[in-house]
Number of protein chains: 2
Amino acid sequence: MARTQGSRAEITGPLIRTHARRLFARQGYAAVSMRQIASAVGVQAGALYAYTPDKQALLFDLLQDHMEHLLASWSDIPGDPLSRLEHFVRFHIDTSLDHADAVFLAYMELRNLTPENFARIAALRGQYESALETILRDGVAAGVMRIDDLKLATMALIAMLTGVTNWYREGGRLDRRRIGDIYWGLARGAVGAD
Amino acid sequence: MARTQGSRAEITGPLIRTHARRLFARQGYAAVSMRQIASAVGVQAGALYAYTPDKQALLFDLLQDHMEHLLASWSDIPGDPLSRLEHFVRFHIDTSLDHADAVFLAYMELRNLTPENFARIAALRGQYESALETILRDGVAAGVMRIDDLKLATMALIAMLTGVTNWYREGGRLDRRRIGDIYWGLARGAVGAD
DNA sequence: GTCTATACCAAGATAGAC
DNA sequence: GTCTATCTTGGTATAGAC
């Protein structure tokens, strides 16, 4: 980044968010300095403050945008509960891989939010979890799933699916479709649908 | 902590480790200062350096001790693969709840280790994962489990079980035995053992 | 909008007295 | 082994020029 002066507001804003997201995810919010983000973007540290009032707001905005995007992207489908669960499983895995940095942030850096900011993100996450819980409840009611405890099954499935971000590497042994197949098999079994 | 002078090596060492573990788990390694740890222990920051050469070594020792304790505590049992899997599930959940801070650290703060330290902890974790993988392989060979992909099933189960630390609270709705029952049901289904 | 320069503070770590 | 005091570095954030 050899540039020394000039205005590029239309691209600097998104760049700051992208690099901050990546750095926060890889090293942790507290371990990343504003100088480091600025350096990745190609501006001086002071310039960041034209886009965010402070570092905390930057983190919160990233998390909030991710959760809102997640909720806006999700839509249940009509049909039987098992098809709807399969749809959720594939959606969650695809999203987790497409937005791996944001997903990782959203459940690792909640502790670095102020209490008010934490409460707002937690509420959004609760909404998302209840989307899955609803499917499981319907599955039990329809007699196509056997589940001892709805809340735990919901948390367990989400933890299992999100775990894909721990080992997935682009260009690895398995493609995404195949990964979805495998996890769907695990999830279907876990809810007693075999 | 009103004490101003004096030697208490026999208790200060363990106290430093306990408080560092708790603080690192709650706020993240990078967000915790040596002064903060010292304050929790009741000594001045300089005194910590009689016990650890630096902050990085303190983190590494906590992770290494946890992984070694985990591996030393685990022992497979003789018997059929399903009983062995049930034993693993209950062991993993009990351990995760007994040592919640260390478990959380061990998979969240790896990124704050130097490359050499990271490699050593990752190797220990690989050993632990292969304990589960062996059980699953035996279960498939014995025809009592149906698993599409051994590696993924191993990672998925561990992620699901470890997730218990995300929501468990002492004195909550469910006791540990019941939690173990529920997760065992989920795991048994996931490996196609119903 | 971005730069350079800097104020201000807290971090990790060390030295030497007790 | 612990304290007090301090060195040095690097952090967040701001001011004012361009």
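Residue numbers start from 1 in every chain, and the chains themselves are labelled A, B, ... in the order their sequence lines are given, proteins ahead of strands. Fair warning: this is a prediction, and the values are worked out from it, not measured in the lab.
- Ion pairing of Asp149(B) with Arg173(A) is present here, as a side-chain N (NZ or NE/NH1/NH2) and a carboxylate O approach within less than 4.0 Å.
- In this structure, Asp54(B) places its CG atom 17 Å from P of dT9(D), rounding to the nearest Å.
- When the side-chain nitrogen and oxygen atoms of Tyr51(A) are compared with OP1 and OP2 of dT2(C), one or more of them lie within a distance under 4.0 Å.
- Under 4.0 Å is where a charged nitrogen must lie from a carboxylate oxygen, and between Asp148(A) and Arg178(B) no such pair does.
- Non-hydrogen atoms lying under 4.0 Å from DNA chain C are contributed by Val32(B), Ser33(B), Met34(B), Arg35(B), all within residues 19-37 of chain B.
- Heavy-atom distances to DNA chain D give each of Gly46(B) and Gly46(A) a nearest nucleotide, and the one nearer the 5′ end belongs to Gly46(B).
- Spacing between atom CD of Gln56(B) and atom P of dG12(C) amounts to 13 Å, rounded to whole angstrom units.
- Checking the phosphate oxygens (OP1, OP2) of dG1(C), no side-chain nitrogen or oxygen of Thr12(A) falls inside 4.0 Å.
- With rounding to whole Å, Leu15(B) atom CG is found 14 Å from dG1(D) atom P.
- Distances shown here put a side-chain N or O of Gln44(A) below 4.0 Å from the OP1 or OP2 atom of dT4(C).
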Could you go through residues 54-62 of chain B and list every donor-acceptor pair under 3.5 Å that involves a side-chain atom there, pairing it with any protein atom two or more places apart or in another chain?
residue  : atom : partner   : partner atom : Å
Asp54(B) : OD1  : Gln56(B)  : N            : 3.4
Asp54(B) : OD1  : Ala57(B)  : N            : 2.9
Lys55(B) : NZ   : Tyr29(B)  : O            : 3.0
Lys55(B) : NZ   : Val32(B)  : O            : 2.7
Gln56(B) : OE1  : Thr114(B) : N            : 3.0
Gln56(B) : OE1  : Asn117(B) : ND2          : 3.2
Gln56(B) : NE2  : Asn112(B) : O            : 3.0

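- Atom CG of Leu48(B) is separated from atom C1' of dT4(D) by 15 Å (rounded to the nearest Å).
- As a whole-Å value, the separation of Tyr49(A) OH from dA7(C) P is 17 Å.
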Please assess Glu116(A) against Arg120(A) for the test salt bridge (Lys or Arg N to Asp or Glu O under 4.0 Å), listing each intermediate value before the final yes or no.
CA-CA 6 Å; Glu116(A) 310 88 61; Arg120(A) 292 160 73 183; over 6 Å; no
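- Taking the six-membered ring for Trp, His87(B) and Trp74(B) have ring centres closer than 6.0 Å.
- Comparing dT12(D), dT2(D), dC3(C) by their closest approach to the side chain of Lys55(A) singles out dT12(D).
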Distance-only donor-acceptor hits, side chain of residues 151-164 of chain A, under 3.5 Å, sequence neighbours excluded:
residue   : atom : partner   : partner atom : Å
Lys151(A) : NZ   : Glu133(A) : OE1          : 3.1
Thr154(A) : OG1  : Leu150(A) : O            : 2.8
Thr162(A) : OG1  : His92(A)  : NE2          : 2.8
Thr162(A) : OG1  : Ile158(A) : O            : 2.7

